[in-house]
Structure formats: structure tokens, C-alpha cells
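Comments concern the structure below.
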Amino acid sequence: MKMNWYCRMLLSYTPIFLVVGSSVIFVLFTVLNNDSESRSSGTNRTIAEQVMRNTDANLKLIERSVVSELAKDQAIRDFFSGQPTTVYDDYVTQKNLVDMQSLFPFVNSVYLYNASKQRVLTETGVYPIESFADKPFLLSAYKHPADGWTNPRVYAQSPFDKSGQKVVSLALYVPYAAMKQGAVVVNIYARSLEQYLGTFADSGTGTIHLLDSSKTAFDTGAMTDRLPQLFAQSPYTGWYFYDDSVHAMPFHRLSFLSNAWVVVMLAMIGLAIAGSTVITHMHYKPIKAIFGKASGYMARKSEELRLIRPRNELAFIETALDHLLKKSLDYHNLRKENRLLRQQRLFQDLLAGHRILSEAEWEKEMAALNLPYRFDRLGVAALEIDHYRTFTKTYKPGDQRLLKFILESAFRELAQQRDLFVWHAWLKPCQIVFIVHLFKTDTSTGAEMRELCEDFRTWVNHHLQLTVTAGIGAESDAVDTLVESCRSAQENVSCKAVFGTDTVIDNRLRQAKASGDADFVDFQAIRELAQAFRMDDRLWKEKLTRMFEAMNDTLMTKRAMAEFIRGVTRQLGKEISVLSADIRFLWMDQYQYRFEELADDTETLAELSERLTALMGKLEDELKRERVSRKHHSVALQVKQYIDEHYADPKLSLLHVSGRFGLQPATLSHLFKEELGEKFIDYVLKLRFGHARRLLVESDEPIQSIAEKVGYNHAISFHRAFKKMYDLPPGEYRSLHRPGQLTPVSSEKMKANMKG
């Protein structure tokens, strides 16, 4: 037995192999771990720098947009002049201010400061400087302007607003510092910046944190003198961006352990080789005794842990190798995930216009991602999931991601069947943009993309319980013009409000539609519609139908459609606010939110027309039941009908009508205002002058004859009343409003003078 044991020890050198193998594994793992930690740190630093560049690009875009709007928007420039302004001028300036805000990528608030008049105009109203809650910051910035964007601060417009929110601000002189007439202040809400940074954490690469130039956290407000190594400081704002480096932490902990033991392992290798040789030849008995003790210890530990005792020492090496393979696989997956993240960020930046690449830079970037880069022209298609709000309510978040992945894969497979390479980017939660590499063929320009989109739309209809609308942009010959093609495709898909859902819209189809302002909303028509509805005039349905017919003749977008329904909701609320308390409560409790939901729930004008007409019909029935329950409403309607039939009677007056109905004048006036929401005399004047305006424009009758037809015996009285109402005499009104006679000067004068 002793000789056999000696031979086994002499020939196998099991202890040496065990020690050397384990040591090599630890050293190899240490090298891989250090390399993985270095790559992970580099990736997180790159992410922080990329987030910083994207944020700076958006903030610079906001600053350039403000400067551009100040240069080209006449209404905003007029606000800073010393000339007197009207309520309508302020309204136009506010509307342009809101339009400018909608162009910014972050939730924001903008206000204008006229230094000479000490007035502040915001998107919600006009304030004297003394009652403006942001006065301390405004005056300080006006006297001592900050260089660029400020650090986070609390912002509120009204002194009674106790719920101020953190914003970062940019103050600019108007028109410039040497001849400043005022200032424009742009406030970006800090929570919007934080939500934007949160979008970069979806892939699991860690959380992006933002600190201001004084190293104060945006989210907690806490200051720190120490920053992690993985940070980037913006040269534009001075803010700090850093990643919490979730991927690097496990490797860092393992690195701490392996680095501490590597020296020990190397020393043990040398000692094991020398000691095992000497002991094997000269002292095999003590080695056997030591091994016996180790075997006894292993046996006891196996019994305590209820584990099966390994029969040979190679089991330890096998376990270590399994552990090493698992870590290598994790490292491979990490590199793959980082490559996909770089690819996603590159495509999003190109389509959003954040990066512009030359041909050489494009080839280098695509080669680094192992993707083809050659093309003769680029086809662009923006595909939007129809009724996206219903889509999010129907499917769970996991199912939504799965369906979006199916849409990506289906379009890619259809393109591959045509030997085309496709890449994509989700620019909105409901909208994906596909870029197709096209080559010179006999196919006409645009036909190949349209066929591809039609096949994809048909595939979706047959295999999925949803529909998509595709917008095809103009083809691009170079990467640096790709952003214009992308915007063209997005504009086309936004026209599905007119063309309908589940369609393919290209430039030819869009040009076939009658030209018109796609974002125009006739607020005067909305006002007349709401007034007719309040006055219980059945012609409101006819007015609404004409409005939809007019909108259907233009390239109405979904944004304009949402603005239209919001305008209808606001005007209806304004008109109903003058009615009885019961009607106001009915509107606020049961109908206002239903009108507001139409802006998000409807996709096309046809759908909006049907749903809006039905909803207003239900509200009309409710108002009729509520009005009928009041005994005076029928009297008010009879008075209204009498006025409609006898408005041309010169004797028509409050005293005359009250006597006819057996009521006191004050009682009739109060009853008419309470039930119909309008004063007696205002309604009479509006009715008379409405007919007078129509006769002035549509006929050649003398003004004396028109005055008699609307209830005035003397043309002088008619002339005086008409000019008081419209700031224009009847003759000049007729000249300005006759077809083909409206000049630019007269148009501006009418906009300034019209009050009815």
C-alpha cells in the first residue's frame, strides 16, 4: 500500500496540478475582470457624455428657436414697442407664445417683459410687474443677466400660487443688450429634464443623475463635494452628468477579492512545485498524513452541509471552470448590449437631427457596428400605430413591447425579401421611422417604398388586431439630408386626420388635397357655434357641419384637430358659465372632461365629427330637460322668438316687449339674461347688426334702406350705432368686406377694430 501510494504521488502530482490549475484560473479571471471593468467604465462614461451632448443640443435648440421667433414674429416684437396695444393684440401674442412653446422638447413656460410699460405677458395672462410672483428673478436677470441657463430655482407666476416648481431659466434681452426694450425668459421645468434623463435608463445601463454647476442634485437638492469617476461636465451649462455604473459594481467587488489573492496564488504555485517534489521523494508519509487530515476535514464538512463528498480533486477544477464560463458569457452579453445601445442612440440622433454625419463618418460608424452602409438613395417611412391610447389600454406593457418588436421584425423581413437593408428608430412611443437602403433599379421613384408599406399594412391587417398608418417622405441621396426626409414622412403621417387611418400617405397623395393652412382653426366660427348652442338655436348643427366640411378641404393635422376640440371646449365652457348654476354644475361634472378626452381619443376628422355631434346632442338634450323644468325658460324662448321675428320693428324695445308679455322691464331683462345667458339689448343689437352686415356685403341697397330693414328710421342713428359697435361707418365696412377689395392695410385695421 505504501509503495502504491508512493507511485501515485510520484506519477500524478495531483496536489501540484490542483494548486497550479486553481491559481491559473484565478489569474485568468483577474485579467478578464479588469478588462470587463475597464470596458464597462468606458461605456458608462460614454453614455454620460452622450446624454450631456443630447441635453445641450436640446437646450441650444430652445435658445435658437427663441432668438428666431423674436426676429420673425411681428406680434411678439410689437409687444416690446411703446405703442398702445389692445386685448386682441395680447391674445395674438399669447397664441404665438404658446405656438413657440410647443416647439420646445421639454415642458416649459415662457413670459415676456416690457420694461417701458412694466408689464409681463405669459401664456396664461398679463401681469403688472408689481403683482408678478417671479419679479425678483426677472429684475435681477434684467440688470445683471446670467451667462446662459441658470441653476434650478423655484418659479411661480402668481403670488397666491404656493405650489412653485423647480425650473432652469434662460433670460435674453430684446432686441439686444445695447438697446434693450425688455426681456424674454424661458423656464424649463426640472422634472421634465429628469424625465428626459430617465429615458436613457430603459436599457438597464444605470441611472443618469444631474447636478448643477454648484454640485447640487436636481432631484434631492443635496450638495456634494465628491463626484464618481464616471461623470461629464457640460461646457454649455456647467452642469454635471454621471452614471451610477450598475454594471461595473459586481466586477469591482470581484476584482477586489481576486487582486488581493493573486500574489498569494503565485507564491503558492512556487511553493507547491518545490515542496511537492521534495516531499514526494523524501517525505511521502507526512504528505499522506496531511492528505488524510484534509480528507477527514472534507468528510466532516460534507456531513455538516449534507453534500456528497467528491471522489477526486478534479471536481474542484470543474466547478471553477463552470464559474469562469458563466462570467465570460456575462461579459459577452454586456458587450452585445452596449453595441445595441450605441446603434440605437446613433439612429435616433440622426433622425432627430442631433447629429449630422459626412459620408466618411457614416461609413466609419456603420462599420464599427458591423452594418452595411452602401446605398444609392434612402427611402424613409414613418409608421404610426392607430388609436394608440386604446392600444395602451388594451395591452399590458410587456405585450406592447412584444407587438412593437413584431412590427419591427415584419417590416424588416418584407424588406429582406426584396434584398433591401433596413434600420429603424422609435422617435415617439406610437411612431417608428424605417430607413431603407435603395439602389438603382427600373422602379420609379417612390413606387418601391409605397409597395413595401402597402404590403406591410396588409400583413398587419391579416395577422394583428391593430392598424398602422404610413407616411412616406421624400427620398434622400445623402445621410446629411436624411432629417428633412424624416420630417416630410412625419408630416405626411400626421395628415391621417384627413385621409383616414390604415392608409399609406405619400407626397403625391398629399399634394392632391386642396391647399390650405393645416394648423388653422377658425376661432370666430367656434365662438358663433358656442353662442348658437347656448341660445338654444338649432342651427348649431348646421354650423358644425360647415366647419368640418371646411376643415376636410385642408391638410388638417391631428395637432390642429386637438386644438380645435380644445377651442370648442373652452368656448362652450365660457358660454355655459353665464347660465344657471344647475347647468354650470352639469357641464363641470359630466361633460367637460368628455369633451377634453376627444382630443386624445380621435384620429380622423370623420370620427371627430360623429363623436362631437353626438356628444353635443346629448348635452343639448340635458340642457333642454333642465331648462324645461324651470317655468321661466319657455317665456324666455318666446321672447327670443318674438325678437327674431320683429327685429326690424323700430318700436322694438325692452319696454315694448315687457308690456306685450305682461312683465315688468326689470323682470324680463333678468329672466332673459338668466335663461339665455345674454342681455336683452345685446341680443337685439347683435341680431340687427348681423343682418345689416350681411346686407352691406351681399347687396347694393342704400344704407338708408338697410337701416330701415333692421329697425332704424334714421340713417344717422344707424350710422352712429354701427360705428360704435365696429369702429367703422357702414360705408367703409361695405368697402372693406366686399369680395376682392380687402387690402393688407384694411385687414390689419379690421383685426384691430372688430369686437363682435
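- The CD1 atom of Ile472 lies 9.5 Å from the CD1 atom of Ile505; values are rounded to the nearest 0.5 Å.
- The shortest side-chain heavy-atom distance between Lys72 and Ser68 falls under the 4.5 Å cut-off.
- A distance of 10.5 Å separates CD1 in Ile385 from CD in Gln431, rounded to the nearest 0.5 Å.
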Practice item. Dump the intermediate steps for side-chain hydrogen bond (donor to acceptor under 3.5 Å, both in side chains) on Asn492 and Asp506, then the final yes or no. Key: CA-CA 6 Å; Asn492 286 342; Asp506 57 10; over 6 Å; no
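- Counting all heavy atoms, side chain and backbone alike, Arg355 lies closest to Leu346 at NH1-CD1, 3.6 Å.
- The shortest heavy-atom contact between Ala489 and Gly473 is CB-N, 3.5 Å.
- Using a cutoff of 4.0 Å between basic side-chain nitrogens and carboxylate oxygens, Glu491 and Arg510 are scored as salt-bridged.
- Here the side chain of His437 pairs a donor or acceptor atom with the backbone of Arg374 at under 3.5 angstrom.
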Exercise for review: Under the side-chain hydrogen bond (donor to acceptor under 3.5 Å, both in side chains) rule, what do Tyr196 and Asn58 come out as? Steps first, then yes or no, please.
Suggested key: CA-CA 11 Å; Tyr196 173 73; Asn58 285 326; 3.3 Å; yes
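- When ring centroids are compared, Phe347 and Trp423 come within the 6.0 Å threshold.
- Judged by distance alone, the side chain of Thr569 and the main-chain N or O of Ile565 form a donor-acceptor pair under 3.5 Å.
- A donor-acceptor pair under 3.5 Å is formed between the side chain of Glu603 and the backbone N or O of His387.
- Looking only at side-chain heavy atoms (C-beta outward), Arg594 and Lys618 come within less than 4.5 Å of each other.
- Proximity of the aromatic rings of Phe548 and Phe564 is defined here by a centroid distance below 6.0 angstrom, and this criterion is met.
- Looking at Gln490 and Arg487, their side chains never bring a donor and an acceptor atom within 3.5 Å of each other.
- Residues passing the salt bridge (charged side-chain N to carboxylate O under 4.0 Å, His left out) test with Asp502, sequence neighbours excluded: Arg457.
- Few gaps surround CZ on Arg546; more than 12 heavy atoms of other groups in view lie less than 6.0 Å from it.
- Between Trp426 and Glu408, the side chains place a donor N or O and an acceptor N or O closer than 3.5 Å (distance only, hydrogens not considered).
- The only member of Phe405, Phe456, Trp459 that meets ring pair (Phe, Tyr, Trp, His ring centres under 6.0 Å) when paired with Phe411 is Phe456.
- Counting non-hydrogen atoms of neighbouring residues, nucleotides and ligands closer than 6.0 angstrom, the CD atom of Glu610 reaches no more than 12 such neighbours.
- The shortest heavy-atom contact between Glu123 and Ser109 is OE2-OG, 3.2 Å.
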Review point. Would Leu427 and Leu351 count as a side-chain contact (heavy atoms from CB on, under 4.5 Å) if you check the C-alpha gap in whole Å, the side-chain angles of each, and the deciding distance to 0.1 Å?
Key: CA-CA 8 Å; Leu427 299 187; Leu351 296 180; 4.1 Å; yes
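- Panel note: side chain Ser476, backbone Leu378; no donor-acceptor pair is recorded below 3.5 Å.
- Between Val380 and Ser488, the closest side-chain pair of non-hydrogen atoms is not below 4.5 Å.
- In terms of heavy-atom proximity, Phe375 sits nearest to Tyr373 at CD2-O, 3.3 Å.
- With respect to Lys95 and Asp99, a salt bridge is recorded, a charged nitrogen being found less than 4.0 Å from a carboxylate O.
- By the 6.0 Å and 45° rule, Lys166 does not stack over the aromatic ring of Tyr189.
- Ion pairing between a basic and an acidic side chain is recognised when a charged N comes within 4.0 Å of a carboxylate O; Arg450 and Glu454 show such pairing.
- We find the CG-CG distance between Asp477 and Asp376 to be 9.0 Å, quoted to the nearest 0.5 Å.
- Side-chain atoms of Glu63 and Tyr236, non-hydrogen and from C-beta on, do get closer than 4.5 Å to each other.
- Phe106 CZ to Ile188 CD1: the interatomic distance, rounded to the nearest 0.5 Å, is 7.0 Å.
- For Asp600 and Arg389, the salt-bridge test passes: some basic side-chain N is under 4.0 Å from an acidic carboxylate O.
- Using a 4.5 Å heavy-atom cutoff, the side chains of Leu193 and Leu197 are not in contact.
- Across Leu70 and Val184, no two heavy atoms sit closer than the pair CD1-CG1, 3.6 Å.
- Open room surrounds CD1 on Ile356; 12 or fewer heavy atoms of other groups in view lie less than 6.0 Å from it.
- A donor-acceptor pair is defined here as one N or O able to donate and one able to accept, closer than 3.5 Å; no such pair exists between the side chain of Glu448 and the backbone of Leu438.
- Partners of Phe104 according to the ring pair (Phe, Tyr, Trp, His ring centres under 6.0 Å) rule, which considers only residues two or more places apart in sequence or in another chain, do not exist here.
- Using a cutoff of 4.0 Å between basic side-chain nitrogens and carboxylate oxygens, Arg418 and Asp455 are scored as salt-bridged.
- Remark: side-chain polar atoms of Lys404 are not paired, donor with acceptor, to backbone N or O of Ile432 under 3.5 angstrom.
- For the pair Gln348 (side chain) and Ala425 (backbone), a donor-acceptor distance under 3.5 Å is absent.
- Taking 4.5 Å as the limit, every side-chain heavy atom of Phe439 sits out of range of all side-chain heavy atoms of Arg377.
- The distance from the CG atom of Asn370 to the CD atom of Gln343 is 10.0 Å, given to the nearest 0.5 Å.
- Counting only distance, with no hydrogens or angles, the side chain of Gln511 and the backbone of Arg508 share no donor-acceptor pair below 3.5 Å.
- With hydrogens and angles ignored, the 3.5 Å screen pairs no side-chain donor or acceptor of Thr237 with any backbone N or O of Ser234.
- A pairwise comparison of heavy atoms in Thr392 and Gln400 identifies O-NE2, 3.2 Å as the closest pair.
- Under the side-chain hydrogen bond (donor to acceptor under 3.5 Å, both in side chains) test applied with Lys496, the options Thr604, Thr501, Thr503, Asp386 reduce to a single match, Asp386.
- Within the 4.5 Å cutoff, the side chain of Asp212 has no heavy atoms near those of the Tyr240 side chain.
- Taken to the nearest 0.5 Å, the CG atom of Leu350 stands 9.0 Å off from the CD1 atom of Ile435.
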